[in-house]
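Report on the following structure.
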2 protein chains.
Amino acid sequence: MTTITDVARAAGVSPATVSRVFNGGRVTPERAARVRRAAAELGFEPNRVAQSLRKQRGSVIGLLIPDIENPFFTSLARGVEDAAQQTGLSVVLCNTDEDIDKERRYLGIALAEQMAGVIVAAASRTQTDLSPLAARGMPAVAVDRRPRGALVDAVLVDNQYGGEAATEHLLRARYRRIACVTGPEGASTSEERLAGYRSALRDALADGTLTPEDGDDPLTAYVRYADFKVGGGRAAMADLLAMERPPDAVFVANNLMAVGALEVLREAGVTPPEFGVLSFGGVPWAGLVRPSLTTVELPSYELGFTAAKLLQERIAGSEKALQTVVLRTGLSVRDSTGGPHDDAEGQGRLRAPSPLG
Amino acid sequence: MTTITDVARAAGVSPATVSRVFNGGRVTPERAARVRRAAAELGFEPNRVAQSLRKQRGSVIGLLIPDIENPFFTSLARGVEDAAQQTGLSVVLCNTDEDIDKERRYLGIALAEQMAGVIVAAASRTQTDLSPLAARGMPAVAVDRRPRGALVDAVLVDNQYGGEAATEHLLRARYRRIACVTGPEGASTSEERLAGYRSALRDALADGTLTPEDGDDPLTAYVRYADFKVGGGRAAMADLLAMERPPDAVFVANNLMAVGALEVLREAGVTPPEFGVLSFGGVPWAGLVRPSLTTVELPSYELGFTAAKLLQERIAGSEKALQTVVLRTGLSVRDSTGGPHDDAEGQGRLRAPSPLG
DNA sequence: CCCGGATTTGAAATCGATTTCAAGTGGAAC
DNA sequence: GTTCCACTTGAAATCGATTTCAAATCCGGG
């Protein structure tokens with residue numbers, strides 16, 4: 001391996017000069033040229049480990065995500081990677097598996113490896129602890145989920161707005177018993193999406209679009225908590241279908257649970273859009289799912305990209321006040337929320353039935 | 001940050017002794033205890049960068065994969081991660097995007113970061129060049145795809161066998177004009193899967209199961225090369241359907257292209273199992289696809305796990321002869337290959353029609 | 001021709017761990 | 001009591017870069 005000393009010897013200068021050539025120090029052009037030539041000839045590439053040790057800072061940023069198999073996070077990871085590449089940083093992808101211990105371990109590694117900074121989609125809002133990073137001055141940015149009380153920049157999605165828009169859409173499509181399958185209690189994303197759902201229902205109750213059914217609290221009767229995974233979505237959906245007065249639509253607060261819900265519906269012979277289904281976050285290969293699925297679109301790539309940009313500012317030493325960037329969701333209306341079958345009421349449909357029903 | 005020197009001072013010993021305590025040197029128990037206590041009190045954690053510099057070897061392994069959004073590779077990555085974790089290595093995931101330049105850049109980083117080793121699913125069989133690693137003594141293992149002429153261990157899938165089994169299955173299900181959509185020419189995986197397909201067809205021709213159609217070479221007429229992506233699968237399938245005598249089944253050589261093919265079939269109103277579809281590699285959320293898809297199952301997790309184990313042996317200094325491990329595929333028969341409709345021939349079906357047709 | 005200030009340069013310190021080597025310690029054997 | 005050996009220990013070198021500091025050089029101005 002050729003070191004800076006080898007290059008120095010070959011160019012007839014000191015190592016210090018070589019270092020200056022590559023780091024923008026003042027060196028006479030003639031000498032600099034000689035150094036560059038020697039470096040090129042020897043195929044010199046600075047040893048990043050030595051650099052990190054000396055500078056007390058590496059050129060790698062850690063990205064901690066809870067589920068590498070969820071396409072939402074892989075897309076986010078791509079955003080981070082693209083942003084990082086622009087400034088010569090590499091990205092280490094760490095899959096925490098929603099496991100608080102694994103997450104802690106990775107944070108420790110980030111410190112021990114002297115990473116330049118970390119981007120964290122926290123495994124737990126209450127237990128994830130970013131304070132050791134802060135204590136050692138390592139920049140961090142929270143993404144998608146904001147851990148409680150952490151003094152870090154954050155890039156989030158407007159979950160409440162998304163939940164609201166989704167639920168309003170279902171109401172407009174004339175569903176009237178709209179269920180909500182949300183994530184774990186305590187996760188910020190679960191709670192916010194649920195809050196949006198409730199807010200939309202409240203509005204509908206207030207303006208008379210929706211009328212309370214006897215005995216049930218319409219804001220809670222159709223709510224189920226699950227685990228953001230396929231299995232949880234299945235269980236919650238099955239539970240909802242078993243109700244005495246089952247819902248006629250469901251707002252599922254994440255893509256994987258939507259997959260589970262769709263499976264259960266299919267097994268039960270209940271098909272959208274008669275039964276409305278709306279997923280928060282796109283399902284992979286959605287093109288194969290029939291009827292096509294109405295979804296709240298998440299800016300996953302931008303989430304990652306923005307977080308990485310923010311992190312880079314901090315790494316560069318920015319002392320700006322902490323900021324939280326909130327990105328908006330969109331709504332992609334497709335066939336799964338075309339509206340329930342007409343009952344005897346004889347009202348016109350808002351939407352033509354899809355060719356395959 | 002507490003360093004080894006701080007611990008040494010606190011325990012009243014030299015840094016060398018502290019190092020020995022943590023690296024299994026000979027130290028009197030009494031002293032060792034004092035060191036451990038001091039280390040615990042100060043929250044000492046060895047600086048991995050300094051370790052790497054001194055030992056000339058890091059504790060991170062690089063995993064280069066061509067497409068992080070393909071669930072096959074994420075599953076493989078999990079296998080690598082689990083194996084690595086058992087020995088305290090961390091995994092850096094590098095997404096090369098099938099781009100030979102990105103790949104080269106990442107290999108350079110692996111060297112400059114003094115990684116312990118790399119596992120590579122090569123972006124290109126002909127252009128991927130692992131020789132700089134070998135030159136610097138960095139262990140490497142090829143996974144899934146074997147780059148040409150590289151002197152490295154490899155963990156591969158028995159692609160030819162898988163392609164053969166798949167095609168035989170389609171023949172047994174009484175499809176007779178079986179197409180093959182394979183990957184890019186020159187990729188080992190494409191070629192091997194295609195070879196399996198051809199070998200099965202040849203056997204069928206030999207024993208009379210299949211009779212050559214006038215004018216066409218049955219071994220090539222229905223073969224299409226594509227790019228292992230959804231778009232490529234679409235184009236190839238569309239091309240096949242536009243033939244004068246279109247096929248009655250297709251063996252698609254990777255999961256993403258199968259998604260594309262299914263989309264096109266659906267748009268054309270052609271539905272399995274009348275038209276047989278078999279995918280090499282599972283499709284994510286396959287549960288939602290109807291009819292369910294027959295697939296060649298790939299041991300993606302085991303692929304990663306095995307590669308990581310192999311790499312660890314090399315890192316530990318094993319001088320064994322280079323080995324290539326080939327893992328077998330399985331065949332999961334589902335509804336999409338239930339057999340074509342009976343024509344006027346009045347032959348009995350081998351398989352009951354699926355309830356939904 | 002000499003001086004002051006700016007610029008360029010290299011020697012040496014530094015980052016934090018590991019490891020070599022020589023010195024120190026203790027115990028057993030004679 | 002002396003000798004020898006095995007075992008512990010710490011001082012110092014080392015990994016490869018960056019950076020400080022002081023010396024060297026160059027320049028124009030007087």
- Query: Which is true for T28(B) with a 4.0 Å heavy-atom rule: it touches a base, it touches only sugar-phosphate, or it touches nothing?
  - Reply: sugar-phosphate
- Message: Is S52(A) close enough to dA17(D) that one of its side-chain N or O atoms is under 4.0 Å from OP1 or OP2 there?
- Response: no
- Message: Check this one for me: any side-chain N or O of R48(B) less than 4.0 Å away from OP1 or OP2 of dA17(C)?
- Response: no
- Message: So, OP1 or OP2 of dT18(C): does either fall under 4.0 Å of a side-chain N or O from N23(B)?
- Response: yes
- Can a donor-acceptor pair be found between the side chains of K55(A) and Q114(A) at a distance below 3.5 Å? no
- Item | Value in whole Å for how far the P atom of dT8(C) lies from CZ of R34(A) | 15 Å
- Does the side chain of S59(A) pick up a donor-acceptor pair with the side chain of R48(A) at under 3.5 Å? yes
- Query: Could a donor-acceptor pair under 3.5 angstrom be found where the side chain of R26(A) meets the base of dT8(C)?
  - Reply: no
- Task: Measure from CG on N47(B) to P on dT14(C) and round the result to the nearest Å.
- Result: 17 Å
- Return no unless some side-chain N or O of R57(A) is found under 4.0 Å from OP1 or OP2 of dT18(D). no
- For DNA chain D, whose closest nucleotide is more 5', that of V18(A) or that of L53(B)? L53(B)
- Spatial distance of atom CZ (R125(A)) from atom OG1 (T189(A)) [nearest 0.5 Å]: 9.5 Å
- Task: Report yes if a side-chain nitrogen or oxygen of S19(A) is closer than 4.0 Å to either non-bridging phosphate oxygen (OP1 or OP2) of dT18(D); otherwise report no.
- Result: yes
- Please report, rounded to the nearest Å, how far the P atom of dT19(D) is from the CD1 atom of I4(A). 11 Å
- Task: Using a heavy-atom cut-off of under 4.0 Å over every strand shown, decide if V13(B) touches base, sugar-phosphate, or nothing.
- Result: sugar-phosphate
- Message: Heavy atoms only, 4.0 Å cut-off, all strands: where does V27(A) land among base, sugar-phosphate and nothing?
- Response: sugar-phosphate
- Query: So what does V49(A) hit on the nucleic acid, given a heavy-atom distance under 4.0 Å: a base, only sugar-phosphate, or nothing?
  - Reply: nothing
- Backbone N or O of D99(A) within a donor-acceptor pair of the D97(A) side chain at under 3.5 Å? no
- Message: If we count only N and O atoms by modelled type, under 3.5 Å, do the side chains of T128(B) and E103(B) hold a donor and an acceptor together?
- Response: yes
- Query: Taking only N and O in the side chain of R20(B), is any of them less than 4.0 Å away from OP1 or OP2 of dA17(C)?
  - Reply: no
- Query: What does F44(A) touch in the nucleic acid at a heavy-atom separation under 4.0 angstrom: a base, only the sugar-phosphate, or nothing?
  - Reply: sugar-phosphate
- Assert: residue with more 5' nearest nucleotide on DNA chain D, out of G12(B) and K55(B), is G12(B)
